[in-house]
Structures are given as structure tokens and as C-alpha cells.
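Let me begin by presenting the structure, written as C-alpha cells, before commenting on it.
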2 protein chains.
Amino acid sequence: MPRIGMEPQRREALVRATIAEIAVSGARDVTVARIAKRAGMSPALAHHYFGSKDRMLLAAMRRILSDFGADARRAMAQAETPRARLDAIVRASFGPDNFDREVVAAWLNFYVQAHGDADTRRLLHVYHARLRSNLVHALRPLTDDPATLAEGIGALIDGLYMRQALRRTELATDRSVALVTDYIERGLAP
Amino acid sequence: MPRIGMEPQRREALVRATIAEIAVSGARDVTVARIAKRAGMSPALAHHYFGSKDRMLLAAMRRILSDFGADARRAMAQAETPRARLDAIVRASFGPDNFDREVVAAWLNFYVQAHGDADTRRLLHVYHARLRSNLVHALRPLTDDPATLAEGIGALIDGLYMRQALRRTELATDRSVALVTDYIERGLAP
DNA sequence: TGTTTTTAATTGATCCGTCAATCAATAAAC
DNA sequence: GTTTATTGATTGACGGATCAATTAAAAACA
């Protein structure tokens with residue numbers, strides 16, 4: 001019963017399913033069969049649209065990065081002062097969407113995959129570069145060594161992410177934001 | 001040509017080979033065959049001594065943790081003041097051994113595996129608890145909220161680790177130590 | 001309008017490869 | 001002669017990918 005024009009929905013469903021499946025199985029054990037089942041189609045169809053499992057994984061990573069980028073842009077849009085822009089970046093980094101268990105798990109696996117796969121690493125460098133650029137831009141009027149502080153902030157965010165991924169306690173978000181905010185404040189003090 | 005008393009050497013060789021193999025292939029693609037080959041024996045013998053692949057991986061993680069613990073203990077032994085103890089912890093965290101490409105890769109994969117496997121997670125919690133305990137103990141005489149600062153330090157260390165794992169530039173060690181040290185100093189300032 | 005051809009969607013069956021794990025057999029050491 | 005060390009061969013399972021076949025919509029055509 002093939003309806004026409006299914007491709008966008010199918011791709012969308014597969015991307016979502018890939019992210020969800022990574023969260024429950026880990027990227028190490030994710031299988032095309034399980035992804036396809038969750039997305040409500042046959043494994044063959046998944047291959048039809050994406051060509052290979054690696055492409056599915058990459059599409060999932062790309063989606064997460066693009067969602068994150070959209071969030072960050074939206075949050076920064078309303079910021080007037082440099083200080084407000086900084087807060088916007090931090091809040092976006094720890095926004096509820098990014099802290100969904102699924103997304104955190106995908107990020108974790110993202111890092112590991114980037115260690116071995118060139119395409120993924122390139123994708124990750126784009127994210128790093130964008131975050132660094134945003135931070136440096138916001139920090140430049142406030143300190144004379146924005147690069148160093150930006151690196152620390154980025155690393156702190158990443159580290160808090162990891163810890164979050166390994167706790168089952170909810171609502172560490174506020175705590176994480178507070179830690180980063182505090183780090184920034186102290187970093188800006190003379 | 002079986003010599004007697006091989007078990008310890010074989011196990012040692014397998015643990016080393018597992019760590020090395022994780023570094024080049026990633027834990028996702030590591031195979032018993034490759035581990036055994038690198039360790040100079042047949043896959044069957046590897047199974048003979050470890051029973052399963054998971055046990056090999058777990059033994060590798062355990063080794064890394066125990067090496068790290070030994071380093072930390074050694075570094076802290078010579079520290080007299082709380083401040084010196086803090087520096088020792090940080091220096092141990094970023095000691096050359098821990099920053100070997102192999103070990104960093106293993107740590108990365110360790111985190112991911114902990115997300116899905118209970119045994120590994122337990123092992124990781126031991127590490128977290130020990131690090132936190134060391135930090136809090138050293139911080140207590142210096143601040144009235146040692147727990148929060150300890151959490152930030154731990155996350156910063158972890159985050160710097162991850163970034164290190166994804167760059168090919170050498171010598172970020174000094175930079176990482178400097179960032180953490182700076183974080184501590186600012187965190188201890190009123 | 002009715003008929004035919006093309007195209008997209010979809011899956012069941014299947015192939016090929018790989019990998020963890022097992023087992024039986026051999027060879028030395030005690 | 002029993003125990004330990006060791007491996008080649010094999011098994012059983014699983015996973016990614018392919019392909020041929022089926023269904024229905026759309027387009028071309030009569």
C-alpha cells in the first residue's frame with residue numbers, strides 16, 4: 001500500500017529512531033533492524049533511503065547538532081549585552097532539549113565515534129568551532145584573554161554533560177548552569 | 001611448546017593488548033581475534049584465560065583505574081599542605097601516563113560503556129567517588145563548600161580529557177593543568 | 001474517459017561476512 | 001599419568017546489505 005511522497009517522513013522517522021535507539025542500546029549495539037522496527041518499517045527500506053548504517057548514524061548526529069545550533073541562535077537573538085549573550089549560550093547548552101536522556105547518550109557516542117571516524121570528527125569540529133566562536137565573541141568586550149576562558153567554559157560544559165549522562169538523578173540542569181555561570185563570573189573578575 | 005606458569009604473563013599481555021586495541025579500533029570494533037593477535041596468542045587462548053570478551057574489556061578498564069589510583073596515591077603521598085594535595089591530584093589527573101593516546105581512548109569508551117553496562121558503571125562510580133573524596137578532603141580546610149567546587153573540578157577535568165582525545169595537537173597537558181589550577185584558585189578566592 | 005506504462009514504496013528472502021565461543025587434539029611439564 | 005598450555009577447526013548466531021517481487025499511485029496515452 002505505497003502512498004506517494006513518503007521519503008521525508010521516512011527519513012525523519014529513521015533519524016528519530018536512530019537517536020532513540022542509540023540511547024537505549026548504545027551506538028555499539030545499535031542495529032539497523034532495531035532502528036527500522038522502531039521507525040515502523042523494514043530494514044530494507046531503511047537501507048533504501050540511507051544507503052548504509054553509517055549514513056544513518058551520521059544523519060542522527062547532524063540532526064542533534066542542527067537542533068542545538070537552532071536553539072543557540074534563538075537564545076542569542078534576544079540578547080543585547082555581551083553578558084546576556086554569554087548567559088544565553090550557557091542556557092542553550094543546558095537547555096531541556098539538549099538534556100534529554102536520548103540526546104545526551106547520542107552526544108556521548110558522538111564523541112567516541114569522532115575519535116575513529118573522519119566524517120564525524122569533522123562534524124564535531126564544526127560544533128566546537130561554532131561554540132568557541134560564539135563564546136569568544138561574547139567574551140571579547142569583557143576580558144583580554146577570551147580564548148582561554150572560552151576553552152575552559154567549553155570543557156566544563158562538556159564535562160558536566162558526561163557526568164549527567166551517567167547519573168539517573170533528574171534536574172541537575174540548574175546545578176550545571178550555576179556551576180558554569182559561577183565559573184564565568186570568577187573568570188571575568190580581575 | 002607449553003611452558004609452565006604462563007597464566008600471569010598471558011593475562012598481562014591480554015590486558016595491555018586490549019587497551020592498545022581499543023585505542024586504534026575503538027571499543028565498538030575491537031575483536032577478540034585482534035586482541036589475541038596483538039598479544040601473540042590464539043583467540044582460543046584468550047578465551048581460555050578470560051572466559052569472554054566482556055571480561056577482557058572490564059579487566060582493561062580495571063587496569064586503567066588501578067594505574068590511575070596508584071599514580072594519584074603516589075603523588076599525594078608527598079603532599080604536606082592541603083594546597084599541595086590539590087595540586088598533586090590535578091597533576092596526577094593529567095599525568096603523562098593518563099594522557100597517552102591509548103589510555104585516553106580507553107577512558108572515552110569507558111564512559112560510553114558505563115552508560116549501558118551495570119558492572120562498568122559501578123567501576124566508574126568507584127573512580128568518581130574516590131576522586132570526589134580526595135578533592136573534598138583536600139578542599140575542606142580551604143573553603144566552606146568543598147562539594148560544589150569538587151564537582152566543578154571533576155567535570156572540568158573530564159571535559160578537558162574529552163577535548164584532548166579529539167585533537168592531534170600534542171602538549172595540551174600544561175594548558176589543561178593551568179586551566180584547572182586557575183579554576184581552583186578562583187574558586188578558593190572570596 | 002478508459003487503458004497502459006512508468007515510477008515510487010515496500011518487504012520477504014537471502015547472501016556473505018564476521019565474530020564470539022566451543023571443542024577436540026597435541027605437546028610439554030610435573 | 002595427570003595437569004597445564006596451546007591451537008586449528010568448527011559452530012552457531014547475527015548483522016549489514018542486496019535483490020527480486022509486489023503494490024499502488026501517477027503519468028502518458030488512446
Side-chain angles (χ1 to χ4, degrees), chain A residues 1-61 106 109 112-113 116-120, chain B residues 1-61 106 109 112-113 116-120:
Chain A
M1 53 284 279
R3 295 145 289 172
I4 214 73
M6 283 284 98
E7 177 154 357
Q9 285 111 295
R10 293 305 199 186
R11 292 187 95 96
E12 173 67 21
L14 281 170
V15 167
R16 276 188 207 283
T18 303
I19 294 173
E21 205 59 37
I22 288 175
V24 302
S25 315
R28 198 160 134 249
D29 305 301
V30 85
T31 86
V32 174
R34 276 217 283 275
I35 293 172
K37 184 174 186 181
R38 180 183 286 265
M41 73 194 78
S42 72
L45 192 56
H47 272 98
H48 174 65
Y49 283 124
F50 276 94
S52 80
K53 179 188 180 177
D54 278 349
R55 293 249 186 78
M56 292 177 220
L57 291 174
L58 212 57
M61 314 292 189
N109 286 284
V112 172
Q113 179 150 349
D117 176 54
D119 285 339
T120 309
Chain B
M1 51 288 275
R3 294 142 290 172
I4 213 71
M6 282 285 98
E7 179 154 357
Q9 288 112 292
R10 293 305 198 186
R11 291 187 95 96
E12 172 67 21
L14 281 169
V15 167
R16 276 189 205 283
T18 302
I19 295 173
E21 206 59 36
I22 287 175
V24 302
S25 313
R28 200 160 133 245
D29 305 301
V30 86
T31 86
V32 174
R34 275 216 285 273
I35 293 172
K37 184 174 185 182
R38 182 183 288 264
M41 75 195 76
S42 74
L45 193 56
H47 272 99
H48 173 67
Y49 283 123
F50 276 93
S52 77
K53 179 187 179 179
D54 277 351
R55 294 250 186 77
M56 292 179 219
L57 291 174
L58 213 56
M61 313 291 190
N109 286 285
V112 171
Q113 180 149 347
D117 177 54
D119 285 341
T120 308

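Remember, predicted model here, so these are calculated numbers, not experimental data.
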Quickly work out the [X] [atom1] to [N] [atom2] distance and round it to whole Å.
{"X": "A/D29", "N": "C/dT18", "atom1": "CG", "atom2": "P", "value": "20 Å"}
{"X": "A/H47", "N": "C/dT14", "atom1": "NE2", "atom2": "C1'", "value": "14 Å"}
{"X": "B/E7", "N": "D/dT6", "atom1": "CD", "atom2": "C1'", "value": "13 Å"}
{"X": "A/I35", "N": "D/dG15", "atom1": "CD1", "atom2": "C1'", "value": "12 Å"}
{"X": "A/R34", "N": "D/dG16", "atom1": "CZ", "atom2": "C1'", "value": "14 Å"}
{"X": "A/K37", "N": "D/dG15", "atom1": "NZ", "atom2": "P", "value": "12 Å"}
{"X": "B/M6", "N": "D/dT6", "atom1": "CE", "atom2": "P", "value": "6 Å"}
{"X": "B/H48", "N": "C/dT26", "atom1": "NE2", "atom2": "C1'", "value": "14 Å"}

Inset, instruction - Considering non-hydrogen atoms only, spot the tightest contact between A/A39 and A/A13 and give its length. - result: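 Scanning both residues, the minimum pair turns out to be CB-O, 3.8 Å.
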
Legend entry - Closest non-hydrogen atom pair, B/I22 against B/A106: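 That would be CG2-CA, 3.9 Å.
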
Which listed nucleotide ([options]) is nearest to the side chain of [X]?
{"X": "A/L45", "options": "D/dA17, C/dT10, D/dA5", "answer": "C/dT10"}
{"X": "A/T31", "options": "C/dC23, D/dA5, D/dG15", "answer": "D/dG15"}
{"X": "A/A44", "options": "D/dT18, C/dA9, C/dC23", "answer": "D/dT18"}

Inset, instruction - To the nearest 0.5 angstrom, please state how far the CG atom of A/L14 sits from the OH atom of A/Y49. - result: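 A/L14 atom CG to A/Y49 atom OH measures 9.0 Å (nearest 0.5 Å).
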
Inset, instruction - Please determine if a side-chain N or O atom of A/R10 lies less than 4.0 Å away from the OP1 or OP2 oxygen of C/dA8. - result: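 Answer is no, no contact under 4.0 Å.
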
Legend entry - Short side-chain N/O contact from A/Y49 to OP1 or OP2 of C/dA8, under 4.0 Å: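 No, outside the criterion.
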
Legend entry - Residue A/R34 excluded, over 12 heavy atoms near CZ under 6.0 Å: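 Yes, the 6.0 Å shell around CZ holds more than 12 heavy atoms from other groups.
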
